[in-house]
K.L.:
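I have a structure I would like to understand better, so I am pasting it below and will then ask my questions one at a time.
Note that the coordinates shown come from a computational prediction; the quantities given were computed from them, not determined experimentally. First listed ligand is number 1; within each ligand, the first listed atom is number 1. Residues take their numbers from the sequence shown, with the count starting at 1.
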Amino acid sequence: MKPFDRTQGKRVFSGIQPSGDVHIGNYLGAIKNWAESQDEYDNIFCIVDLHAITVKQDPKILKKKIREIAGLLLACGIDPKKSSLFVQSHLAAHTELSWILNCFTPMGWLEKMTQFKEKSEGQACLSTGRERASVGLFDYPILMAADILLYETDIVPVGEDQSQHVELARDIAKRFNVIFDSNIFKIPEVKIKKETARIMGLQNPEKKMSKSSELAGDSILLLDSPDAIREKIMKAKTDSFNEVNFDKERAGIYNLLVIYESFSEMGRGDIETKYEGKGYAEFKKDLAELVIEKLEPIQEKYNKLPESEIDKILQDGAEKIRPMAEKKIKEVKEVIGLG
Ligand code: TYM
């Protein structure tokens, strides 16, 4: 196997959790962009199973989900010839660097993370959320920083909800470099596609579409059937205005229009002209057919992928980047006087 070679300039690293079901927010906010810019960069994409266990998972389901998400990424166009795709827990360097970074990051920095506040509140039914949330959930952004910093990453393409975590990774890298008077960590840049940075829920367009949403019909899943997609879109919350235009004040219709815009790749003006004088029902019907049409080839490709092929790609992906991760850990240990 060819070792990993930075032949194409800048390096991209990003990740996705194998918990819950992949939805069009993940696709439009992240996966589609990863696939589309593969030729521009050296790419590493990671299925972050260690992040997934920061909240309770059923072991049998988690194992299946890891393969499912890998299959979906491949079906969405991640090409193992252009990108390394691997599972986080297959490379021990991630947890090793995470521990080291723990020891050099102030607690106060983690306390500011909005996602921890939201997720720990979600566990409030058990007692007070913060007390019941795992240390892992609190520490989650440090593992994410380790993921990014291990590979001399230049660019981290994510949806908006992850930008605070990437910002933290930058701060951790800078602080570490200063403490040890070295340039050991490259400072990564976040890359967010503005238009699809935050796809909202269909039932609650005030909140982002999420793998953990409990509202029925709030998320369109990549593996949803055509009927399920039609039903979810037709029932999506809008308003009584009934005019199809990009008005941020009308969150429901605005979100549906953003989804239409990114799947159709039409300009906003053209979309508004197309639906001038037509109501929400007609627009929703068209949107449903468009989403079905765009997801169909992904589902078809996914259904044809043999499990053995997915496993092989994941194994090769890990082996290709292992030397790079191990080299970085060795350098870090050297700098801090370990071993
Ligand atoms: P995760 O699994 O929650 O989401 C994967 C990617 O999907 C984006 N995303 C969205 N984009 C637009 N609209 C939405 N409604 C929406 N929901 C999710 C996320 O921003 C993300 O880009 N912590 C990360 C995974 C991770 C990672 C990393 C990412 C671990 N290590 C290192 C980058 C670099 C997460 O939980 O993503």
K.L.:
So if I only count non-hydrogen atoms and take anything under 4.0 Å from ligand 1, which residues does that give, chain by chain?
P.N.:
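Phe13, Ser14, Gly15, Ile16, Gln17, His23, Gly25, Asn26, Gly29, Ala30, Val48, His51, Tyr140, Met144, Asp147, Ile148, Val156, Val158, Gly159, Asp161, Gln162, Thr196, Ala197, Arg198, Ile199, Lys208, Met209, Lys211.
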K.L.:
Would you kindly say whether Tyr260 and Lys284 are connected by a side-chain donor-acceptor distance under 3.5 Å?
P.N.:
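Note: Tyr260 and Lys284 side chains miss the donor-acceptor criterion.
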K.L.:
Is it the case that atom CH2 in Trp109 sees more than 12 heavy atoms from other parts of the structure closer than 6.0 Å?
P.N.:
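Enclosed: over 12 neighbouring heavy atoms sit under 6.0 Å from CH2 of Trp109.
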K.L.:
My understanding is that only residues two or more places apart in sequence, or in another chain, count here; which of them pass salt bridge (Lys or Arg N to Asp or Glu O under 4.0 Å) with Asp171?
P.N.:
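None.
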K.L.:
Does a side chain donor of either Asn245 or Tyr275 reach within less than 3.5 Å of an acceptor in the other side chain?
P.N.:
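Checked: Asn245/Tyr275 side chains show no N/O donor-acceptor pair below 3.5 Å.
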K.L.:
Check Lys333 with Glu96, please: is the shortest side-chain N to carboxylate O separation under 4.0 Å?
P.N.:
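Looking at Lys333 together with Glu96, the answer is yes, because their closest N to O distance falls below 4.0 Å.
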K.L.:
Is the ring centre of Phe104 less than 6.0 Å from the ring centre of Phe180?
P.N.:
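When the ring centroids of Phe104 and Phe180 are compared, they turn out to be within the sub-6.0 Å range.
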